[in-house]
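A quick note: this is a predicted structure, and the numbers were derived from the prediction, not measured. What you see below is based on every heavy atom in this structure, not just the backbone, and it leaves out hydrogens, waters and symmetry mates. All residue numbers in this chain count up from 1 along the given sequence.
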Amino acid sequence: MAAANYYSKDFEWDQLRQEIENNPSLAHHLLPFPNSSITQNQHTLLSSPLSLCSPQEDSEAWNKFHTRHSTGKFFKERRYLLKEFPELASCRDCSTVLEIGCGNGSTALAILRGNKSISLFACDCSTEALERAKENIEAANINLAKERFYPFQCDFSASGFPNWLVGTSCRENFFQKQNMCSSDARSCSKQDFPSAKNNNCIGGVDFVTLIFMLSAVPLHRMSRAITECFSVLKPGGLLLFRDYGLYDMTMLRFEPEQRVGYREYMRTDGTRSYFFSLDSVRDLFCATGFTELELEYCCVQSVNRRNGKIMRRVWIHGKFQKPHVHVCS
């Protein structure tokens, strides 16, 4: 199966921004949200009490979502992925990937098909999604895909990752130092952090993928989620990010009563979506210790064949690296 063509610059994001911000009918998307505080300093992200559902409620909403969409091809295999992130195709043999929020396997399928030597660990908060992913991987007839695919249930933003993904001693040391850096970043030095030479402190995977996943995490848990990603990557490992960007057409479809925070919305089925700006992504990842390699808006325009309407999609593409030795800055 050939990889899909990949386009990302059909229009300028700044031009779209000006159009949206000058449209009175869309003003509710721009207003501050009542009783919300969004502060990314000190690794803090707080959102409205309306959005503070329990992890169990979030998981149940996604279970119901995947049950409703268990038949047909609601999600298509993301064949563009290896063009967007060519490292997944060119990496050394026996590299490992942790896919977070695997859903029905649309990302896993593309990776396993595109690289026959890669091993892929895949987690999701929804047990229903994991069942769909396993079924789709088995049905895909990809060489040794079943033997290279390791799904497990996990809500990493609430409970963290299992210890077998990273040494326990390293995890405890990292979070202790991360808290130090939150209060006084200038006081931290190289010796405060685990050395790459200490095998107990080397994360377990070469790549972490967050593909249309972080936007579904409650805003107040995002910082913890990124810290978890950092902890399971090997030094020098890459985090590959793609998600909904500010002023994507799906954001503009939400009604005022569906807002549960600033740029945060909840669908009628209980699932949520946040829309990122470049600055919000940069602040989240760099505050945790990642080095920014790539970060840009992907602006794609298409036409709805049924009604002829122009659809302008905005996604964010990001690539971040865990330094070989983490230093606060």
Side-chain angles (χ1 to χ4, degrees), residues 8-23 26-34 36-48 51 84-85 100 157 178 181-183 185-186 208-230 238-252 254 259-265 272-300 312-323 326-329:
S8 63
K9 296 297 179 185
D10 290 341
F11 58 90
E12 293 297 324
W13 183 83
D14 278 328
Q15 183 177 349
L16 174 66
R17 176 186 61 79
Q18 293 176 14
E19 180 181 325
I20 300 304
E21 294 180 357
N22 289 322
N23 187 335
L26 301 174
H28 63 277
H29 295 291
L30 313 177
L31 297 174
F33 194 82
S36 69
S37 173
I38 302 178
T39 306
Q40 294 188 0
N41 295 329
Q42 306 298 328
H43 301 251
T44 300
L45 282 166
L46 300 176
S47 54
S48 162
S51 68
E84 188 176 358
F85 299 114
I100 304 173
S157 70
Q178 186 73 3
C181 294
S182 298
S183 59
R186 300 296 177 186
V208 167
T209 62
L210 288 174
I211 310 297
F212 294 103
M213 185 275 151
L214 191 62
S215 57
V217 172
L219 189 59
H220 66 285
R221 297 210 304 260
M222 284 188 188
S223 182
R224 160 76 185 274
I226 301 304
T227 301
E228 286 289 332
C229 294
F230 191 98
L238 294 178
L239 188 147
L240 309 176
F241 178 80
R242 185 176 175 90
D243 217 320
Y244 297 109
L246 188 60
Y247 304 140
D248 178 60
M249 60 171 279
T250 58
M251 172 182 174
L252 306 179
F254 282 107
R259 295 181 75 207
V260 293
Y262 187 60
R263 300 175 182 169
E264 187 179 18
Y265 302 81
R272 67 182 69 240
S273 189
Y274 181 82
F275 294 85
F276 295 95
S277 67
L278 296 184
D279 286 341
S280 62
V281 174
R282 180 177 291 117
D283 289 345
L284 273 169
F285 284 89
C286 293
T288 304
F290 280 103
T291 299
E292 176 187 321
L293 302 181
E294 297 176 8
L295 186 61
E296 63 179 354
Y297 287 114
C298 297
C299 300
V300 178
R312 288 182 293 184
R313 304 307 310 271
V314 179
W315 302 303
I316 287 190
H317 163 98
K319 191 181 298 181
F320 299 88
Q321 185 172 42
K322 179 177 179 175
H326 178 54
V327 183
C328 298
S329 59

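- Side chain of Lys9 to backbone of Tyr297: a donor-acceptor contact under 3.5 angstrom is found.
- No more than 12 heavy atoms of other residues, nucleotides or ligands shown are found within 6.0 angstrom of CD on Glu12.
- For the salt bridge (Lys or Arg N to Asp or Glu O under 4.0 Å) with Arg282, the qualifying choice from Glu292, Glu296, Glu294 is Glu292, the only one to do so.
- To the nearest 0.5 Å, atoms CG (Leu246) and CE (Met251) are separated by 5.0 Å.
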- side chain to side chain contact (heavy atoms under 4.5 Å, CB included) evaluation trace for Val314 with Phe11: CA-CA 10 Å; Val314 179; Phe11 58 90; 4.2 Å; yes
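- With hydrogens and angles ignored, the 3.5 Å screen pairs a side-chain donor or acceptor of Asn22 with a backbone N or O of Gln18.
- Between atom CD1 of residue Ile20 and atom NE2 of residue His29 there is a gap of 8.0 Å, rounded to the nearest 0.5 Å.
- Between the side chain of Arg259 and the main chain of Leu31, a donor-acceptor pair closer than 3.5 Å is present.
- At least one side-chain heavy atom of Tyr274 sits less than 4.5 Å from a side-chain heavy atom of Met222.
- How far OH of Tyr265 is from OG of Ser273: 9.5 Å, rounded to the nearest 0.5 Å.
- Side-chain atoms of Trp13 never come within 3.5 Å of backbone atoms of Tyr247 as a donor-acceptor pair (strictly under, hydrogens ignored).
- Taken to the nearest 0.5 Å, the CG atom of Leu210 stands 4.5 Å off from the CD1 atom of Ile100.
- Side-chain contact between Phe276 and Asp248 is absent, with no heavy atoms from C-beta onward closer than 4.5 Å.
- Between Phe290 and Ile226, some side-chain heavy-atom pair lies under the 4.5 Å cut-off.
- In terms of heavy-atom proximity, Ser157 sits nearest to Arg221 at OG-NE, 3.0 Å.
- We find the CG-CD1 distance between Leu214 and Ile316 to be 10.5 Å, quoted to the nearest 0.5 Å.
- Considering Phe85, Tyr244, Phe212 as possible partners of His317, the one that fulfils the ring-ring contact (aromatic ring centres under 6.0 Å, His included) test is Phe85.
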